[in-house]
Amino acid sequence: MKIFIPEEIKYIISTLEESGYKAYIVGGCVRDTIMGREPKDYDVTTDATPDVTSEIFSADKVIDTGSKHGTVTVIHNGVHVEVTTFRKESVYSDGRHPDSVVFSDSIEEDLSRRDFTLNAMAYNDSEGIVDPFGGRGDIEKRIIRTVGEPRERFNEDSLRMLRALRFSSELCFDIEEKTEAAIFERKNDIETRISKERIQKELEGILTGDDVEKVLRKYADVVGVAIPEIIPMIGFDQKSPYHIYDVWEHTIRVVGGSPNNSVSRFAALFHDIGKPSCFSQGEDGVGHFFGHPEVSYEMADCIMRRLKFDNATRQDVLTLVRWHDVRPEVTEKSVRRAIMKVTPELFDSWVAITRADNGAQSPSLSGRLEKIAAIEEMGHRLIEEEGALSLRTLNIKGGDIMSLGVVEGPEVGRIMNILLEEVLEERLANDREELMSRAESLAKKGLKNSHSYGKI
């Protein structure tokens, strides 16, 4: 099989070969090409050491991106290519990083230290595909299998367990039996041996994969090590005529039915995470979950802070979690209020999650889909036609409020929300002069109350 290699990569391989060294593309780019997928990037591996590679490409720009680990980046025609020296296996005392890096002159030895067989392949035009561990065969069988003994691979690097789940979700592959058994056996290492940032990144890959439902269903106990808060959801009977699934199965289906982006998928994962702690049962035996959106919001906030999410993603996810249970009527006033809560930017995501949430409930509620469609249509029209549907679209800003003497803080937000409410109620126009006049009145009243309360 001949694999297409971009000219810039060919240049690097041929230059190394002409200098008397071996060179190959390796890993994901080989895997993706065999699968008929377009590689995201190309990595090159060689028996030339980093200092030799730097010398060979002295006419190009070379960046030391980790020479102590064997990697330099060669920039040719503006393309950045990581070039890494063949390495031997080493001891991983911390379950994540090798204690030392030992260079090798064997491509087979280098491939033997990689995680899964589908990633342990190399290629160049002169030798073709180098596949000592049967990666092509495993791709044909659509299975994920470690290179060598699974327990050893996971003991070396515990992140590989989550990577296996991510590949299973992204590629729609099954995890080979022995590899799967080792994941369940060593799953607790995920919590103790992997950084929170790396866990977050792998979870994102799992959730945005095409086979996410299968992975969440089959490996709930493994995901539960990374996010222990999901464990009470598993098998939790909702005791409701509106729900034919337990909380976890319902959640799985909402995740799979939500838009395939990280914000929507994490919001779907967290939207009912507070239900078990909010459960109560009426005299008729029916289950209730009063206040669960707020509890889910608080739990999701703690989880996302713990896993080091960036602030923008966290805020968007939390907005969708907090308001996922809002059910507006098909009236302009009611839909405006819903848009104000979720913001125009997240309105489509909120509608999609609402639709997925409905689809994961009892079929008797399928009639709600028409109402959701009507709300969606009205919401789009309102967003297109009207300006003041969220704080950020008001024709007045927080700085304008502070110019009236209001100190930065909660009082600014209180006044802004009052103005937005009055615009939505059509008691005030979204006109800057009117807004400033009303804000001045509110500011004076607030300052007066503040002073009176402040006297002793």
Side-chain angles (χ1 to χ4, degrees), residues 263 267 290-298 300-302 304-305 310-351 354 375-376 378-456:
V263 167
F290 300 118
H292 85 270
E294 291 75 20
V295 174
S296 296
Y297 169 93
E298 292 170 3
D301 190 26
C302 290
M304 297 184 78
R305 289 179 186 276
D310 65 90
N311 288 334
T313 299
R314 182 171 56 83
Q315 288 300 330
D316 284 350
V317 170
L318 293 177
T319 296
L320 293 172
V321 171
R322 170 174 272 171
W323 304 116
H324 79 270
D325 212 30
V326 168
R327 298 289 182 264
E329 294 301 317
V330 189
T331 65
E332 290 190 357
K333 181 178 179 179
S334 185
V335 173
R336 278 196 195 97
R337 286 181 174 276
I339 297 171
M340 177 188 72
K341 289 178 170 67
V342 303
T343 74
E345 293 76 14
L346 291 173
F347 178 72
D348 283 339
S349 296
W350 172 78
V351 168
T354 301
I375 290 168
E376 180 179 30
M378 182 175 288
H380 284 162
R381 178 174 59 77
L382 290 173
I383 291 171
E384 183 178 352
E385 292 178 356
E386 302 182 3
L389 290 172
S390 72
L391 289 174
R392 70 184 69 179
T393 55
L394 275 178
N395 285 325
I396 189 172
K397 306 301 176 188
D400 298 320
I401 307 297
M402 288 186 283
S403 73
L404 299 172
V406 180
V407 178
E408 182 178 6
E411 180 64 8
V412 175
R414 186 187 74 84
I415 292 174
M416 289 287 287
N417 279 300
I418 291 174
L419 296 176
L420 178 59
E421 182 78 12
E422 293 184 358
V423 170
L424 289 169
E425 294 283 352
E426 298 182 351
R427 290 184 279 124
L428 188 67
N430 188 23
D431 174 79
R432 178 174 171 75
E433 288 189 12
E434 285 194 39
L435 291 168
M436 285 296 290
S437 176
R438 176 62 174 145
E440 185 175 10
S441 172
L442 292 168
K444 287 179 179 178
K445 184 176 180 181
L447 289 170
K448 181 179 178 181
N449 290 339
S450 174
H451 293 155
S452 63
Y453 287 131
K455 293 180 180 179
I456 299 176

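Excluded from the calculations below are hydrogen atoms, water molecules and symmetry mates; all remaining heavy atoms, backbone and side chain alike, are included. Along the sequence shown, residues are numbered consecutively beginning with 1.
The backbone N or O of Val330 sits nowhere less than 3.5 Å from a side-chain atom of Ser334 that would complete a donor-acceptor pair.
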TODO: Let me see the working for Lys444 and Glu440 under salt bridge (Lys or Arg N to Asp or Glu O under 4.0 Å), right down to the final yes or no.
DONE: CA-CA 6 Å; Lys444 287 179 179 178; Glu440 185 175 10; 3.7 Å; yes
- [ ] Please step through side-chain contact (heavy atoms from CB on, under 4.5 Å) for the pair Asn430 and Leu394, ending with a clear verdict.
- [x] CA-CA 6 Å; Asn430 188 23; Leu394 275 178; 3.7 Å; yes
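For Tyr297, the ring pair (Phe, Tyr, Trp, His ring centres under 6.0 Å) test picks out no residue, with sequence neighbours left out. Thr313 pairs by the side chain to side chain donor-acceptor pair (under 3.5 Å) definition with Asp310, not counting sequence neighbours. The side chain to side chain contact (heavy atoms under 4.5 Å, CB included) check on Glu345 picks up Thr343, Arg392, with sequence neighbours excluded. Listed by chain and residue number, nothing satisfies the side chain to side chain contact (heavy atoms under 4.5 Å, CB included) test with Glu298 (two or more places apart in sequence, or in another chain). Remark: Arg322 engages no residue in a side chain to side chain donor-acceptor pair (under 3.5 Å) (not counting sequence neighbours).
Residue Glu421 forms a salt bridge (Lys or Arg N to Asp or Glu O under 4.0 Å) with just one option from Lys341, Arg336, Arg337, and that option is Arg337. Here the rule is side chain to side chain contact (heavy atoms under 4.5 Å, CB included) with Ile401, and of Val407, Ile396, Leu435, Leu442 only Ile396 fits it.
Among pairs with a residue in residues 313-333, those fulfilling ring pair (Phe, Tyr, Trp, His ring centres under 6.0 Å) read His271-His324, His292-His324, at least two apart in sequence or across chains.
Nearest approach of Ala267 to Leu320, heavy atoms of both residues: CB-CB, 3.7 Å.
Looking at Asn417 and Arg414, their side chains never bring a donor and an acceptor atom within 3.5 Å of each other.
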